[in-house]
Amino acid sequence: LLGAWALGVRNILGITGDPPKLGNYPHASAVFDVDAIGLVNLINRLNHGLDLAGNAIGDPTGFGIGVGVNPGAINLDEELRRLDWKIEAGAEYMITQPVFDIGILERFMRRIEQVRIPLLCGIWPLTSYRNAEFMNNEVPGASVPADILERMRKTTTREEGLAEGVKIAHETFQRVRAEVAGVQLASPLGRIDGALSILDTHAALGLSRIATTCPPVVSSADAHQPDCSAHSRGVGVSGLGSGRRPVTSHVPPNSHSVR
């Protein structure tokens, strides 16, 4: 983390992530010293010039601290308890799993009406029917409704699948943009053109708060997301440069260092 700060990274999305064997370095050793809550607590302490044990480190970092949330969690009460712990540990904004079912997001938002940190909606442009099935069956909380599965099933070529996925993502964006503080647009397969086309439409509608107004977040998925206030509208997408933010003012919690 200190190395990332020295290299200019200013925003961190603190998530548990996938097992190393699923990533680019499958033989790397997994480290379980802390989970996502403990990581947020550690980053928050670094922002106050302290290590996890409370020892001074010199100049503090000033990371923007984001966390993940799963609106479609099977045990939503437990998910909300963990969100409370993350906020207590120092979380400043939250980003959802990819949202395809707006009803699930709306039910989640009703449960977090008292939460005062910004909510960013994750949007994933589907690339094919197979991708839609994978998201629905293998990604926790990413429930893909039957009508969207059917739309993707009807595509017959790779290009049609990509185009339909972007269209669905754009429709999702239009439905949620007035309800959330911002969105995180994924770029599956490294294709940023789909996300950029949504941004172009966003700008064409005369909405002034677009991606370039918000600094990126670096996550394990190599996606950049915005750190937007609750009163602004922002969009995050991979490859938008880096931002700098001031040191936070949260008091580091004394508990929940490891959960």
Side-chain angles (χ1 to χ4, degrees), residues 13 15 17-18 22 68-76 79-80 94-112 118-205 207 210-211 219-226 233-238:
L13 175 61
I15 56 177
D18 297 320
L22 299 180
V69 291
N70 184 1
I74 295 176
N75 187 345
L76 189 55
E79 181 72 11
L80 294 176
M94 50 186 162
I95 302 178
T96 72
Q97 285 278 64
V99 170
F100 302 98
D101 189 329
I102 305 300
I104 291 177
L105 177 65
E106 290 173 341
R107 287 192 292 272
F108 178 74
M109 293 181 67
R110 287 194 291 271
R111 293 289 301 274
I112 62 167
L119 172 68
L120 278 65
C121 176
I123 296 181
W124 179 282
L126 296 167
T127 59
S128 64
Y129 178 56
R130 181 179 178 183
N131 180 226
E133 285 189 309
F134 177 84
M135 297 297 289
N136 188 51
N137 297 324
E138 303 296 336
V139 179
S143 176
V144 182
D147 62 317
I148 291 181
L149 286 171
E150 179 64 14
R151 287 173 62 177
M152 295 303 297
R153 186 189 67 80
K154 290 180 178 179
T155 62
T156 58
T157 66
R158 177 183 175 88
E159 290 70 24
E160 285 183 5
L162 291 170
E164 188 66 19
V166 169
K167 183 178 179 181
I168 292 169
H170 175 69
E171 292 169 1
T172 302
F173 170 67
Q174 291 294 337
R175 292 183 63 182
V176 305
R177 65 183 178 87
E179 306 298 328
V180 295
V183 302
Q184 179 262 316
L185 293 174
S187 300
L189 305 179
R191 298 178 63 97
I192 67 170
D193 49 344
L196 291 176
S197 70
I198 297 175
L199 292 181
D200 289 339
T201 303
H202 177 87
L205 292 173
L207 304 175
I210 60 174
S219 75
S220 62
D222 194 29
H224 296 313
Q225 294 116 1
R233 304 294 175 207
V235 180
V237 66
S238 178

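Just so you know, these numbers come straight off a predicted model, no measurement behind them. Computed from heavy atoms alone, side chains included, the values below leave out hydrogens, waters and symmetry copies.
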- Message: One pair to check against salt bridge (Lys or Arg N to Asp or Glu O under 4.0 Å): Glu133 and Arg130. What are the steps and the verdict?
- Response: CA-CA 5 Å; Glu133 285 189 309; Arg130 181 179 178 183; over 6 Å; no

- Find out whether Trp124 and Leu185 are in side-chain contact, i.e. whether some heavy atom of one side chain is under 4.5 Å from a heavy atom of the other. no

- Item | Residues which pass side-chain hydrogen bond (donor to acceptor under 3.5 Å, both in side chains) with Thr127, listed by chain and number, not counting sequence neighbours | Asn131

Check: residues 159-168 side-chain donor-acceptor pairs under 3.5 Å, at least two apart:
| residue | atom | partner | partner atom | Å |
| --- | --- | --- | --- | --- |
| Glu160 | OE1 | Thr156 | N | 2.8 |
| Glu160 | OE1 | Thr156 | OG1 | 3.0 |
| Glu160 | OE2 | Thr156 | OG1 | 3.4 |
| Glu164 | OE2 | Arg151 | NE | 2.8 |
| Glu164 | OE2 | Arg151 | NH2 | 2.9 |

- Message: Set out, in order, the CA-CA distance, both residues' side-chain angles and the distance that settles side-chain contact (heavy atoms from CB on, under 4.5 Å) for Val69 and Leu80, then state yes or no.
- Response: CA-CA 8 Å; Val69 291; Leu80 294 176; over 6 Å; no

- Task: Indicate the atoms forming the closest heavy-atom contact of Ala195 with Ser187, along with that distance.
- Result: CB-OG, 4.1 Å

- Message: Just verifying a value: how many Å separate Ile15 CD1 and Gln97 CD, rounded to the nearest 0.5 Å?
- Response: 8.0 Å

- Between atom CE of Met94 and atom SG of Cys121, what is the distance when rounded to the nearest 0.5 Å? 11.5 Å

- Note on the structure: Rounded to the nearest 0.5 Å, the CD atom of Glu150 sits from the OG1 atom of Thr155 at a distance of 10.5 Å

- Note on the structure: Closest heavy-atom pair, His170 versus Ile198, reported as atoms and distance to 0.1 Å, is N-CD1, 3.9 Å

- Query: Rounded to the nearest 0.5 Å, what separation is found between the CZ atom of Phe108 and the OG1 atom of Thr96?
  - Reply: 8.0 Å

- Pairwise side-chain contact, Ile102 with Thr172, heavy-atom cut-off 4.5 Å (strictly under): yes

- Residue set satisfying side-chain hydrogen bond (donor to acceptor under 3.5 Å, both in side chains) with Arg107, at least two apart, ordered chain then number -> none

- Task: Rounded to the nearest 0.5 Å, what's the gap from OH on Tyr129 to CG on Asn136? Could you check?
- Result: 9.0 Å

- Item | Side-chain heavy atoms of Ile123 within contact of Pro98, under 4.5 Å | no

- Backbone of Asn70 reached by a side-chain donor or acceptor of Glu79 within 3.5 Å: yes

- Message: Quick one, Asp101 and Val144 - any side-chain contact, counting heavy atoms below 4.5 Å?
- Response: no

- Query: Are the side chains of Val176 and Val183 in touch, meaning some heavy atoms are under 4.5 Å apart?
  - Reply: yes

- For Ser143 and Ile104, the nearest pair of non-hydrogen atoms, with its separation, is CB-CD1, 3.7 Å

